[in-house]
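To find a chain, count down the sequence lines: A is the first, B the second, and so on, and within it residues start at 1. Excluded from the calculations below are hydrogen atoms, water molecules and symmetry mates; all remaining heavy atoms, backbone and side chain alike, are included.
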Amino acid sequence: RLRKWQRRIRVSNATERNLAFALSELDRMASALGLPRNVRETAAVVYRDAVEKNLIRGRSIEGVAAAALYAACRQCNVPRTLDEIAEVSRVSRKEIGRTYRFISRELGLKLLPTSPIDYVPRFCSGLTLKGEVQSRAVEILRQAGEKELTSGRGPTGVAAAAIYISSILGGERRTQREVAEVAGVTEVTIRNRYKELAEKLDIEIIL
Amino acid sequence: MKVNPEDSLKIENIVASAKVADELDLQMINEEIKDAEYNKKRFPGVVLRMQDPKIAALVFGSGKVVLTGAKSIDNLSRGLEILGEKLRALKLDIPTNLEYKVQNIVTSADLGSPINLNKIAVGFNLDRIEYEPEQFPGLVYRLEEPKVVVLLFGSGKLIITGGKETKDAKAAVIKIMSDLSNLGLI
DNA sequence: ACTTTACTTTTAAAAGC
DNA sequence: GCTTTAAAAAGTAAAGT
């Protein structure tokens, strides 16, 4: 029947309109965060998969798009924190986290916890630190992971502490304030983490 | 001699529901009981707090009640008795032998040694656990039998919640220990 | 820097928006 | 989904001293 045809077209239009809106949202957020094209494409794939599995029901397009972008950043090993995603999104950090867990489960993304090491390149460039300091921070984090100094701790705080230490060891000292700023954590957290890392990894720090 | 983890269990909170009457005048209860809290705009129930066994009760107009904060089944029973006495003091007709239903028991436990949450996240079936250290330091493990949720921390301490019987926590800890030892993580 | 207070997570019920 | 109650776990955060 003609009516059925029109209905199908209507649904199709709505679906396409929603998808177009979601993709433009992903692009807007990705641009605001300066994310590379591969992350945007990965996010688009995650979003399309979520649509195909009807995971959008009962959820906002914005929320699913933000969660898809968060997941994509992690899949591409260039993680952004939920706070960073929330800053360029219109939904709360709480909803993004909740939606992320849901789509991650339903799509079987099987994402491992974010490694502090993945934050090192971005934080170091934000502090204009040399590759040598960066490598040393990564090595500290590798050892920290082996000695179970990362379980339960926030990845950004541990990464920030390792960078703080390596900047001192490399003779290119950055203040706790500066590192805290780029890492999005407080100076208190950097202090707690770096003292723990220095003690357990036997790193002597001369201030 | 090291204490067995299943013997470190400690009930931290019990939530139960009960029906003490067919109808209650919350406005009157709020006016008569000095420490009662009632903001209909905010929440449809009156909040009553007991001191002896430190328990909080949410009293609704339907006569239904929610008790929370009890550290033991005995505390819970005593709390419900005290609630009944408080309401009877207001000339309300409340049954003497009130029945209740335990809805949730929160229990803490200790494995006795630190555990590596990252390794557990890798070793376990990823769709039964959630570990997002950016949001919360604990690893969330949902068990099917017993049907409870366990929060595991790097220190080796655990929180078991969602169970309706005291034995659920013990069964959960035993299962967690066997799972961890099967994976060589403890 | 230290202490205190508070928010993150999980769970369940209640009546209603 | 939210609102309110309680409680523990450990990390992070903010405010006041």
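- Hydrophobic clustering, defined by side-chain heavy atoms of Ile, Leu, Val, Met, Phe, Trp and Tyr closer than 4.5 Å, groups B:Phe153 together with B:Val106, B:Phe136, B:Val140, B:Val149, B:Leu151, B:Ile159.
- With distances taken from any side-chain atom of B:Val149 to the nucleotides D:dA13, C:dT9, C:dT10, the minimum falls on C:dT10.
- Minimum atom distance to the side chain of B:Val15 is reached by C:dA13, of the listed D:dA13, D:dG11, C:dA13.
- Both distances falling under 3.5 Å, in either a Watson-Crick or a G-U wobble arrangement, place C:dA13 opposite D:dT5.
- Within the 4.0 Å cut-off from OP1 or OP2 of C:dT10, at least one side-chain nitrogen or oxygen of A:Arg101 is found.
- Following rounding to the nearest Å, B:Ile55 (CD1) and D:dA6 (P) show an atom-to-atom distance of 12 Å.
- Put simply, B:Lys71 has no side-chain N or O that comes within less than 4.0 Å of OP1 or OP2 on D:dA6.
- Taking the P atoms as reference points, C:dT8 lies 11 Å from D:dC2, given to the whole Å.
- For B:Thr68, the listed nucleotide lying nearest its side chain is D:dA6; candidates were D:dA8, C:dA13, D:dA6.
- Between B:Ser17 and the phosphate of C:dA12, there is no side-chain N or O to OP1/OP2 separation shorter than 4.0 Å.
- Distance alone, capped at 3.5 Å, is enough to place a donor-acceptor pair between the A:Asn192 side chain and the A:Val188 backbone.
- The aromatic ring centres of A:Phe123 and A:Tyr164 sit 6.0 Å or more apart.
- Separation of the P atoms belonging to D:dA13 and C:dT9 is 15 Å when rounded to the nearest angstrom.
- Regarding B:Ile11, its CD1 atom lies at a distance of 17 Å from the C1' atom of D:dA9, rounded to whole Å.
- If you check distances only, the side chain of B:Thr161 never reaches the base of C:dT10 with a donor-acceptor pair under 3.5 Å.
- More than 12 heavy atoms of other residues, nucleotides or ligands sit less than 6.0 Å from atom CD of A:Glu139.
- For the OP1/OP2 pair of D:dT3 and a distance below 4.0 Å, the side-chain nitrogens and oxygens of B:Arg42 include no atom meeting the criterion.
- OP1 or OP2 of D:dC2 lies within a sub-4.0 Å distance of a side-chain N or O belonging to A:Arg98.
- In summary, A:Glu62 and A:Arg90 engage in a salt bridge, as defined by a charged side-chain N under 4.0 Å from a carboxylate O.
- Atom CD1 of B:Ile160 is separated from atom OH of B:Tyr141 by 13.0 Å, given to the nearest 0.5 angstrom.
- Distances shown here put a side-chain N or O of A:Arg191 below 4.0 Å from the OP1 or OP2 atom of C:dA1.
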Inset, instruction - List the steps, then state whether side chain to side chain contact (heavy atoms under 4.5 Å, CB included) holds for B:Leu58 with B:Val46. - result: CA-CA 6 Å; B:Leu58 304 179; B:Val46 174; over 6 Å; no
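- Distances were taken from every side-chain heavy atom of A:Thr189 (C-beta onward) to each of C:dT10, C:dA14, D:dA13; the shortest belongs to D:dA13.
- The nucleotide whose nearest atom lies closest to any side-chain atom of B:Asn104 is, among D:dA10, C:dT11, D:dA13, C:dT11.
- OP1 and OP2 of D:dG11 both lie 4.0 Å or more from every side-chain N or O belonging to A:Arg193.
- Protein atom CD of B:Glu130 is 11 Å distant from nucleotide atom P of C:dT9, rounded to whole Å.
- Across the protein-nucleic acid pair, B:Tyr38 atom OH and C:dA15 atom C1' stand 10 Å apart, rounded to whole Å.
- For B:Lys147, no side-chain nitrogen or oxygen approaches OP1 or OP2 of C:dT10 to under 4.0 Å.
- Rounded to whole angstrom, the span from the CG atom of B:Leu151 across to the C1' atom of C:dT10 amounts to 5 Å.
- Residue B:Ser62 places at least one side-chain N or O closer than 4.0 Å to OP1 or OP2 of C:dA15.
- Atom CD in B:Glu134 sits roughly 14 Å away from atom C1' in C:dT9 (whole-Å rounding).
- Only the P atoms considered, C:dT5 is 16 Å distant from D:dA6, to the nearest whole Å.
- Residue B:Lys54 has its side chain nearest to D:dA7 when only D:dA7, D:dT5, D:dA10 are considered.
- Distances shorter than 4.0 Å separate none of the side-chain N or O atoms of B:Ser108 from OP1 or OP2 on D:dA9.
- Taking atom C1' on both nucleotides, D:dA9 is separated from C:dC2 by 23 Å, rounded to a whole Å.
- For B:Val140, taking side-chain heavy atoms from C-beta onward, the closest of the listed nucleotides D:dT4, C:dT10, D:dA7 is C:dT10.
- Among the nucleotides D:dA6, C:dA12, C:dT11, the one closest to any side-chain atom of B:Val106 is C:dT11.
- When rounded to the nearest whole Å, the span between CG of A:Leu149 and P of D:dG11 equals 11 Å.
- Heavy-atom distances to DNA chain D give each of B:Pro137 and B:Phe60 a nearest nucleotide, and the one nearer the 5′ end belongs to B:Phe60.
- Residues B:Val66 and B:Ile159 each lie close to DNA chain D; by heavy-atom proximity, the contact nearer the 5' end of the strand is made by B:Val66.
- Rounded to whole Å, the separation between the P atoms of C:dC7 and D:dT4 comes to 11 Å.
- In this structure, B:Tyr100 places its OH atom 16 Å from C1' of C:dA12, rounding to the nearest Å.
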